[in-house]
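Treat the numbers as computed from the prediction; the structure is a model and nothing was measured.
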Amino acid sequence: MSRPGDAGHDTRLIAMGSAALMEGFAVIGFETWPDAVPQDVESVLATLSRGKERALVLLEPSLARTGTPALQRLRREGGRIVVVEVPPLQAPQAWRPEVEDLVVGFLGPGALEQRP
């Protein structure tokens, strides 16, 4: 795990996912969790929540869709900890964010179709 050198960050920047993708996020100053597993996500999010810290947490789909208790709680609450799903490095073209399902469910099957 790498951490940014500046301890004065107001908002923690955290990325969790495959080691290859985490290399890029480490270069731009994110705390990284290479090859993270759902238990890592649960632990990090629970610690952030207890610590009253602000954070931007980027998760690959395999982690973002695990539904750990801390992840579910943060998604319901919103606020100071923002969790965002990022495309997987291996197949970014095939990736569909979960929010698409919500939009289609709310607005109907044609909601995301491109129109001329």
For residues 38-47, run the donor-acceptor check on the side chains, cut-off 3.5 Å, and write out each pair with its distance to 0.1 Å, sequence neighbours left out.
{"unit_1": "Asp40", "atom_1": "OD2", "unit_2": "Val37", "atom_2": "N", "d": "3.0"}
{"unit_1": "Glu42", "atom_1": "OE1", "unit_2": "Thr68", "atom_2": "OG1", "d": "3.0"}
{"unit_1": "Glu42", "atom_1": "OE1", "unit_2": "Ala70", "atom_2": "N", "d": "2.8"}
{"unit_1": "Glu42", "atom_1": "OE2", "unit_2": "Ala70", "atom_2": "N", "d": "3.4"}
{"unit_1": "Thr47", "atom_1": "OG1", "unit_2": "Ser43", "atom_2": "O", "d": "2.8"}
{"unit_1": "Thr47", "atom_1": "OG1", "unit_2": "Arg50", "atom_2": "NH2", "d": "3.4"}

Is there a side-chain contact between Leu59 and Thr66 (heavy atoms, below 4.5 Å)?
no
Partner residues of Glu53 under the side chain to side chain donor-acceptor pair (under 3.5 Å) criterion, sequence neighbours left out:
Arg12
Does Val86 reach the side chain of Leu21, with side-chain heavy atoms less than 4.5 Å apart?
yes
Minimal heavy-atom distance between Ala55 and Leu48, with the atoms involved, is CB-CD1, 3.8 Å
If the condition is side chain to side chain donor-acceptor pair (under 3.5 Å), which residues does Arg73 pass it with, not counting sequence neighbours?
none
Who are the side chain to side chain donor-acceptor pair (under 3.5 Å) partners of Ser18, not counting sequence neighbours?
Glu60
Of all heavy-atom pairs between Pro34 and Met22, which one has the smallest distance, and what is that distance?
CA-CG, 3.7 Å
So do Ser62 and Glu85 actually touch side chain to side chain, heavy atoms under 4.5 Å?
no
Which heavy atom of Phe30 sits nearest a heavy atom of Ile14, and at what distance?
CD2-N, 3.5 Å
Where is the tightest heavy-atom contact between Arg80 and Ser49, given as atom of each residue plus distance?
NH2-O, 3.0 Å
Pick from Ile81, Val57, Val83, Leu63: which one makes a side-chain contact (heavy atoms from CB on, under 4.5 Å) with Leu71?
Val83
Does one hydrophobic cluster hold both Val82 and Ile28, with members joined at side-chain heavy-atom distances below 4.5 Å?
yes
Closest non-hydrogen atom pair between Pro87 and Pro61, with its separation
C-CD, 4.4 Å
